[in-house]
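Comments concern the structure below.
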Amino acid sequence: MGAGSPMRAVLWGAAALLLATIFLAPIFGFGRCLDSPDPEKSFCESYTASYAGLRVDVWPWAVVSAVIVVVTVVVAVRRHRRRRAERAASA
């Protein structure tokens, strides 16, 4: 697995996807309610958080993950085609 190999591109893509999941995937759900004698001051809220503790929604994670997958596939295919062309030229 040398420099410029398709497998190296896939490994970098997997590492980037793992980091995106740690920081952006909504894993934990939290919520709280505060009651008051005055009904107008009572409220409830809920949110999701990632492993990193950031408040997140599913859409940023989905978009970043899709971009990472597309870029990884494009780079891996391009490297594979270049390597195949080099082998054909040297044969």
Side-chain angles (χ1 to χ4, degrees):
M1 186 170 59
S5 72
M7 185 53 113
R8 183 172 276 187
V10 171
L11 290 175
W12 275 105
L17 194 58
L18 178 65
L19 286 175
T21 299
I22 290 171
F23 285 101
L24 296 175
I27 304 295
F28 304 108
F30 298 98
R32 69 177 182 161
C33 289
L34 297 175
D35 292 328
S36 172
D38 183 8
E40 292 180 9
K41 294 181 181 177
S42 298
F43 71 94
C44 289
E45 68 177 359
S46 63
Y47 61 93
T48 55
S50 67
Y51 278 121
L54 304 171
R55 286 187 179 198
V56 292
D57 190 22
V58 70
W59 292 110
W61 172 67
V63 169
V64 169
S65 297
V67 168
I68 289 170
V69 168
V70 168
V71 169
T72 300
V73 168
V74 167
V75 170
V77 167
R78 192 177 288 173
R79 287 181 177 184
H80 176 71
R81 287 180 180 168
R82 185 176 353 139
R83 183 169 278 192
R84 189 171 49 180
E86 289 171 358
R87 287 183 184 165
S90 66

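Just so it is clear, the model here is predicted, and its values are computed rather than measured.
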task: Using side-chain hydrogen bond (donor to acceptor under 3.5 Å, both in side chains) as the criterion, list what pairs up with Thr48, not counting sequence neighbours.
output: none
Residue pair Ser50 / Leu24: nearest heavy atoms and the distance that separates them: CB-N, 4.1 Å
- line: Heavy-atom closest pair (Ala76 atom, Pro6 atom, distance to 0.1 Å) is O-CB, 3.7 Å
- request: Give a yes or no on whether Ile27 and Val56 share a hydrophobic cluster (residues Ile, Leu, Val, Met, Phe, Trp, Tyr; joining criterion: side-chain heavy atoms under 4.5 Å apart).
  value: yes
- prompt: Taking only residues at least two apart or on different chains, which pairs with a member in residues 6-89 satisfy disulfide (SG to SG under 2.5 Å)?
  reply: Cys33-Cys44
Qualifying side chain to side chain donor-acceptor pair (under 3.5 Å) pairs with a residue from residues 19-44, counting only residues at least two apart or across chains: Thr21-Trp61, Arg32-Glu45
message: Does anything in residues 16-48 form a ring-ring contact (aromatic ring centres under 6.0 Å, His included)? List the pairs, not counting sequence neighbours.
response: Phe28-Tyr51, Phe30-Tyr47
field: Co-members of the apolar cluster containing Val74 [side chain, <4.5 Å]
entry: Val70
Single hit among His80, Arg84, Glu86 for side chain to side chain contact (heavy atoms under 4.5 Å, CB included) with Arg82: Glu86
Would you list the atom pairs, donor with acceptor, under 3.5 Å between side chains in residues 11-20 and any protein atom, with sequence neighbours excluded?
none

